[in-house]
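Okay, structure first, notes after.
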Amino acid sequence: MLSIRHLLSEKLYTIPSSASVRLAAAIMEQHHIGCLPVVDEGKLVGIITSRDIRRSHPNRLVADAMTKKVITIRPSASLWEAYNLLLQHQIERLVVADGGTVLGVITKAQVVAEFGKYIDPLTTLYRAEIFYQRAVELLEGGYEIAIIFLDIDNFGLINKEYGHVYGDIILRRTAEILKTVVDIKQDTLCRYAGDEFAIVTTRSLAKAKELAETIISAVAQEKWPCPVTITLSAGISGGRRSSLRNLTENPGYIIKHLVNMASLASAKAKKLNTPIFVADTIELRASPFNCCERILG
């Protein structure tokens with residue numbers, strides 16, 4: 001996923017704390033912007049927003065009207081980080097700064113609009129890009145992770161028998177079930193591709209397996225509009241033996257291989273006619289990736 005850097009406009013407008021509120025209001029109106037970083041001698045000392053201006057007399061100094069506590073973010077930060085900061089602090093804007101230098105401002109509306117590009121329109125779940133971004137961030141943050149890979153059994157046959165419209169109904173309803181089961185504090189859920197879903201979680205391997213069991217049970221118990229039984233197969237990888245992982249390895253490389261192993265485990269579950277299969281170096285030794293043993297969680 002792209003960093004927030006590309007959301008910055010080419011022109012940056014700032015104002016010193018010694019300026020008047022009237023001048024700040026005029027600059028914001030002229031350039032159709034909602035705030036100005038307050039910068040004195042190259043140092044960020046605050047931010048003045050249109051809300052601050054409405055609450056202040058035009059003759060007051062910016063220093064008296066501005067908000068002194070400024071939430072900043074690095075230009076290399078991801079949309080995910082920006083979105084969480086905005087929610088955490090319940091603010092509408094973030095000042096983007098690098099090494100003390102103010103580069104610009106991004107708004108919540110910008111971040112939400114950009115996020116929309118990474119939302120699957122059919123299921124409203126994240127697309128795979130968000131899943132990978134979140135997984136990498138968790139690894140870089142020192143978290144142990146597990147990957148749960150899920151796909152709908154015999155979905156191609158269902159499409160042929162009842163048509164793609166009904167297939168879309170199944171996909172949407174399956175996504176709704178998954179959303180009610182996952183915990184967004186621990187789990188990031190996405191529609192990976194077609195009838196495949198994936199979850200990256202900070203749960204232990206045992207807890208990840210429990211989550212997969214809960215999901216599979218919930219889908220199996222759903223009453224579908226046509227006389228079919230919808231079931232899922234799940235493959236799980238990661239969540240253990242992190243001490244054996246090469247910590248200098250590229251996190252993105254690790255994630256791709258963990259996803260591949262979870263996908264192979266899901267296929268193995270189908271082959272063995274069992275709902276869940278947990279990836280193991282013995283069973284999956286035939287994988288084309290030689291580093292399975294090294295990257296297994």
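Looking at V105 and V96, their side chains never come closer than 4.5 Å, going by heavy atoms from C-beta outward. Two residues are said to be in side-chain contact when any heavy atoms from C-beta on lie closer than 4.5 Å; T14 and L36 fail this criterion. For the pair T49 and M28, the minimum side-chain heavy-atom distance is 4.5 Å or more. At least one side-chain heavy atom of L7 sits less than 4.5 Å from a side-chain heavy atom of L79. Taking the side chain as every heavy atom from C-beta outward, L86 and E92 never approach each other to under 4.5 Å. Contact of the L150 side chain with the I148 side chain is registered, since non-hydrogen atoms from C-beta on lie closer than 4.5 Å. By the 4.5 Å heavy-atom criterion applied to side chains, I145 and L139 are counted as neighbours. Contact check for F149 versus I199: no side-chain heavy atoms found under the 4.5 Å cut-off.
Here H89 pairs with nothing under the side-chain hydrogen bond (donor to acceptor under 3.5 Å, both in side chains) rule; sequence neighbours left out.
With respect to D98 and R74, no salt bridge is recorded, no charged nitrogen being found less than 4.0 Å from a carboxylate O. Using a 4.0 Å cut-off between charged nitrogen and carboxylate oxygen, D151 and K270 count as a salt-bridge pair. Salt bridge R127/E129: present, at least one basic N to carboxylate O contact under 4.0 Å. Ionic pairing of E196 and R191 is not present here: no N-O contact between side-chain nitrogen and carboxylate oxygen is shorter than 4.0 angstrom.
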Open item on the list: Using the rule given for side-chain hydrogen bond (donor to acceptor under 3.5 Å, both in side chains), can you reason through E144 versus T202, listing the C-alpha separation, both sets of side-chain angles and the distance that settles it, and then say yes or no?
Closed with: CA-CA 6 Å; E144 183 56 89; T202 55; over 6 Å; no

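Inspection of the S263 and N260 side chains reveals no N or O donor paired with an N or O acceptor under 3.5 Å. Side-chain contact of E114 with Q110: a donor-acceptor pair under 3.5 Å is absent, judged by distance alone. Using modelled atom types, one finds no donor on one side chain facing an acceptor on the other under 3.5 Å when comparing T180 with E176. Side-chain contact of T123 with K179: a donor-acceptor pair under 3.5 Å is absent, judged by distance alone.
Here the two rings, on Y118 and Y126, have centers that are 6.0 Å apart or farther.
Nearest approach of N250 to G252, heavy atoms of both residues: OD1-N, 2.7 Å. Across every non-hydrogen atom of F197 and A175, the tightest pair is CE2-CB, 4.3 Å. Between L205 and G238, the closest heavy-atom pair is CD1-O, 3.2 Å. Between V136 and P251, the closest heavy-atom pair is CG1-CB, 4.0 Å. Residues P75 and S3 come closest through the heavy atom pair O-OG, 3.4 Å.
Aromatic ring pairs are classed by plane angle as parallel below 30°, tilted from 30° to 60° and perpendicular above 60°; the pair Y192 and Y132 is tilted.
Geometrically, K256 does not engage Y253 in a cation-pi contact, judged by NZ or CZ lying under 6.0 Å from the ring centre and within 45° of the ring axis.
Listed by first then second residue, pairs satisfying salt bridge (charged side-chain N to carboxylate O under 4.0 Å, His left out) with a partner in residues 207-220 read K207-E210, not counting sequence neighbours.
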